Amino acid sequence: MGVKQLGIVGQSVKRRDGMGHVTGQTQYVDDVFYPNMLWLKMVRSPISRGIIHGIDTSKAEAFPGVVAVITAKDVPNNWYTILCLIGVEPNDEPVLAHEEVMYMGEPICAIVAETEAIAAEAAALVKLDIEELPPVLELEFAIRPDAPAIKKWGNNTFMYDGYNHRKLRFGDFETAIQKADYVIEGTYSLSPIEHAPIETHCCVVKPEPDGRLTVHTNTQALYFTMDNTAIILQVPSQRLHMVGGTVGGGFGGKVDVITEPITCIAAMKTGRPVKWRWTREEEMRKSSTRAAVKMQYTDGVMNDGRIIARKVRSLEDAGAYHRHSPYGVQKHMANLPGPYTIPNVWVDAYCVYTNRQPSSAMRGFGVTEATFAVECQMERIARTIGIDSWEIRLINAYRNGQMRPVQKVVEDATLIETIQAAAELIGYDLPSHLKAMSSDDYAGNGGRHHG
Amino acid sequence: MSAELFIPRSLDEALGVLQTYGSGLLVMGGGTMMMAHLNEGVFFPKKVMSLARAGLSGIYRNGHTQIGATTSLSKVSQLGDFPILADAAYQIGGPALRNMGTIGGNLYMPQPAGDMAVPLLTYDAHVELASASNSRTIPLEAFLAEPRSRHGTQELLVAIHLPNPTGRTAYLKLGRREANTPSVVTVGARVVLDGQGQVSDVRIALGAAGSIAFRAKSAEAALVGQALNTNSIADAAQLAMEESDPFTDALATAWYRRRMVGVFVKRTLEQLVK
Amino acid sequence: MESITITFKLNGKTTAVAVEPLTSLRSVLREHLHFHATKAGCGQGGCGSCTVLVNGESVLSCLMLAALADGQEVTTLEGIGTPQHMHPLQAAFFDKFAAQCGYCSPGMIMAAKALLDKNPHPTRAEIAEALAGNLCRCTGYVAILDAIEAVVTQMQEA
Ligand SMILES: Cc1cc2nc3c(=O)[nH]c(=O)nc-3n(C[C@H](O)[C@H](O)[C@H](O)COP(=O)(O)OP(=O)(O)OC[C@H]3O[C@@H](n4cnc5c(N)ncnc54)[C@H](O)[C@@H]3O)c2cc1C
Ligand code: FES
Ligand code: FES
């Protein structure tokens, strides 16, 4: 097939929304105002773990200007998990906490008032009677058998097919590691990372005369949010008129369905439009983050640089609830061996629960973390055995036709070509045997061609 | 619960409001910190006074230099004859913040903020305080050591007084980024050398290295009578580290801050060797 | 509710508004007068998205008591250009892809305007220093500096 005339590829095209942005005409969710609109503020847990014995809202309810106070009993389907849409179980997170609190900042009770200032002042008057329990905050501690179990199913990990971690087994690691010239270990850890969009979470809901709700939201996932909101509200999704698409930065941080259900309930309960927007502190400290991870590598490497065995144990900190982590760890597990052909692989990836703010989606979550660890480890291998950093990667890079540990044959590999192009771009002259390598140089019968 | 806002047009009027409401009154200079607390809902004051129109802004020279308490950090950053005061002001926030933040309000900020205190300590600043019944001028050092609450005050800071500066000065701020960043540590130094090139007088002030900004007096004492060289500088840096009592916060650990005191005292003093 | 009346010039027009005494200038602009270009990224002085000009000087409108705007001249992004007649800075931000999600753009443009009004020929380093108080989480600052530099060059050529 000949190359078609491409209409737009290769041309610089102005952003459709760009003029609105630079003239201040783009309407973000916080720019939506309705007459008679109420404001919502959240009462949040001041501690990381505890049992709720009482929520005294009487002073807040009596505060002039307060219109409604919402607690767990106002939420039609309080227990949920956002990935129930793809079959993740069990429902482990309350929309509003009522039995226990699992992280500092967990939502407990919403105050709806005539102004935002009144809502904030009244929220400070809610008296919480919470019995503090020792929090589980550290990954290694959380998976110890003697750690307090913070999850209802009796331990602190997500259960994958009955195991407390996701397993990946390929070849025979135990035998291969015995044959290796070098055994090279490395541990790599990441702290949680906040997305920090300049626009904080915001939702405005207007009840319509026909019983529908118009939901203005800065979610990154409009339909996903609609489905989850409908499940929580126990209403058919056609009652939700979702208006979105304009997001002041998300980076994965705005897919948690975290503002819409409560704002809808507030609008239903009061019959008036309601706005809930988060403060910067809420955005930084209460919204989900990228997970903290600890990844431990044990590699068997031959004198010529071939990695013949790789074992990885990884602990990913989901925080208090699933959110997107069970799925994130699944991706994480698949990517922990890296884009390299290693015949014997063993991975144990744990999705660990702690009493920290939940972690969730963020730009390639699960994968990015693995890549960080893999590439650090590749450098460590190169330095330990005294081989060039380019060579170690090119020797081990996937070739088309090879089998990956996840039991998928490699197709359309481009790692070798990308590395070669990168070398050229920075003016590094690769030795000729590395230049000669290609993603298609795999002979197919277990042998490798090294150019 | 509506609040009441006072915008007095003179110092006397401001002192009258303060006397009437006492510690129930929240005072704002530029308001850059207090408004942030209000916006976040940290507290809900009922009586607030802004000093923005009280006539306390301006720089006057009369044998010495007087800086009004509500003089903006932008104005302070243009003070050519107090270069490290200007530099320290310039390194706070961005231009808009400096247009609003005041030098007086800065001296009430808890560490690691309150960068202005460090150059001011090196210049031997005094502060002038007033209440409806009294007025006093005390060394900045004594002012910083007085206990204070986050809001509510008995007296107003009226002005800062600076003697004419002598000697060479240097100031360094370590943050987590190049600009618009709170301090990990700050170091200010002023050195007067005698005819033999030996230190006859010296000030070394440290910020974010303790609960308040302070002078590293044993480091200062060790330098007097010495030439500024690798050894004397290393000794002073070591003593300054020992005198520090830093804290851990989201920016840095106490461990790191103490080490950076050593590194930055050294670098600051090295700038004075020319 | 005890309210106070504030009268000021907003983008050249005398404007009066009655508000709660502790209302910030940002809230008055956005929530009372519905000038939404000025953004609300933090309320803590940390992001610069609420930057406006008061008597030509840049301020963070979230940290300014609206009462202090009484009798002053306030300029917001709406006051410097429209989609039909963009200010050169707006045109350059559009042209050079300096706005991605756009949430920081109003503050960036106002901070840049405050700079160029005082110093029409800044160096790239001076432009960067003038934007020290403005955070962008999307675009990357390079495109923003490029856009402002393009305006400086245009002005030099004109
Ligand atoms: C984005 C950002 C960055 C910042 N970066 C820095 C930094 O790098 N370094 C730094 O030091 N600070 C920094 N700050 C903190 C602060 O804004 C500055 O220290 C500023 O100088 C405070 O002055 P203000 O007048 O605005 O304070 P205000 O908020 O008005 O007041 C602060 C305190 O001082 C009291 N007060 C103010 N004036 C008087 C007076 N005349 N008499 C009695 N009491 C008074 C107030 O009651 C209050 O307790 C930053 C703030 C922000 C928002
Ligand atoms: S909203 Fe004012 S600086 Fe962020
Ligand atoms: S364009 Fe999104 S924050 Fe700057």
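Sequence lines set the chain letters: A, B, ... in the order given, protein chains first and strands last, and positions in each chain run from 1. Computed from a predicted model, the values in this text were never measured in an experiment.
- Under the 4.0 Å criterion applied to side-chain N and carboxylate O atoms, A/Arg290 and A/Glu369 are assigned as salt-bridge partners.
- Contacts between C/Ile109 and chain A at a heavy-atom distance below 4.5 Å involve the side chain alone, from C-beta outward.
- Near-neighbour residues of residues 12-20 of chain A relative to chain C, defined by a heavy atom under 4.5 Å from a heavy atom of that chain, comprise A/Ser12, A/Val13, A/Lys14, A/Arg15, A/Gly18, A/Met19.
- Of the two parts of A/Gln25, only the side chain, counted from C-beta on, holds a non-hydrogen atom closer than 4.5 Å to a non-hydrogen atom of chain C.
- Using a 4.0 Å cut-off between a side-chain N of Lys or Arg and a carboxylate O of Asp or Glu, C/Glu126 and C/Arg124 do not qualify as a salt bridge.
- Of the listed residues C/Cys138, C/Gly102, C/Ala37, the one with more heavy-atom pairs under 4.5 angstrom with chain A than any other is C/Gly102.
- Note on residues 91-105 of chain C: no pairs pass side-chain hydrogen bond (donor to acceptor under 3.5 Å, both in side chains), not counting sequence neighbours.
- A salt bridge links A/Asp31 and C/Arg30; the closest N-O separation between the charged side-chain nitrogens and carboxylate oxygens is under 4.0 Å.
- Looking at C/Gln44, only its side chain comes within 4.5 Å of chain A, counting heavy atoms on both sides.
- When each of A/Met284, A/Glu283, A/Arg277, A/Glu281 is scored by its heavy-atom pairs under 4.5 Å with chain C, the top score falls to A/Arg277.
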Task: Pair C/Phe93-A/His21, ring pair (Phe, Tyr, Trp, His ring centres under 6.0 Å): steps then yes or no - done: CA-CA 9 Å; C/Phe93 268 61; A/His21 289 354; over 10 Å; no
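- Within residues 254-269 of chain A, no residue has any heavy atom less than 4.5 Å from a heavy atom of chain C.
- Within the 4.5 Å cutoff, the side chain of C/Lys113 has heavy atoms near those of the C/Leu89 side chain.
- Side-chain polar atoms of A/Thr23 and C/Thr82 form no donor-acceptor pair below 3.5 angstrom.
- Using a 4.5 Å cut-off between heavy atoms, C/Phe97 contacts chain A through its side chain alone, with no backbone atom that close.
- The shortest side-chain heavy-atom distance between A/Thr371 and A/Glu375 falls under the 4.5 Å cut-off.
- Not less than 6.0 angstrom separates the ring centroid of C/His32 from the ring centroid of C/His34.
- Side-chain atoms of C/Leu65 and C/Leu68, non-hydrogen and from C-beta on, do get closer than 4.5 Å to each other.
- The residues A/Glu114 and A/Arg272 are annotated as salt-bridged, a charged nitrogen and a carboxylate oxygen being separated by less than 4.0 angstrom.
- For residues 69-78 of chain C, a heavy-atom distance under 4.5 Å to chain A picks out C/Leu77, C/Glu78, given by residue number.
- Scanning both residues, A/Thr200 and C/Gly41, for their nearest heavy atoms gives CG2-O, 3.9 Å.
- With contacts defined as side-chain heavy-atom distances shorter than 4.5 Å, the pair A/Tyr103/A/Pro358 qualifies.
- If you check the side chains of A/Glu208 and A/Thr214, you find a donor sitting under 3.5 Å from an acceptor.
- With a 4.5 Å cut-off on side-chain heavy atoms, C/Thr7 and C/Thr14 count as touching.
- A/Lys41 has no carboxylate O lying under 4.0 Å from a charged side-chain N of A/Glu121, or vice versa, which leaves the two without a salt bridge.
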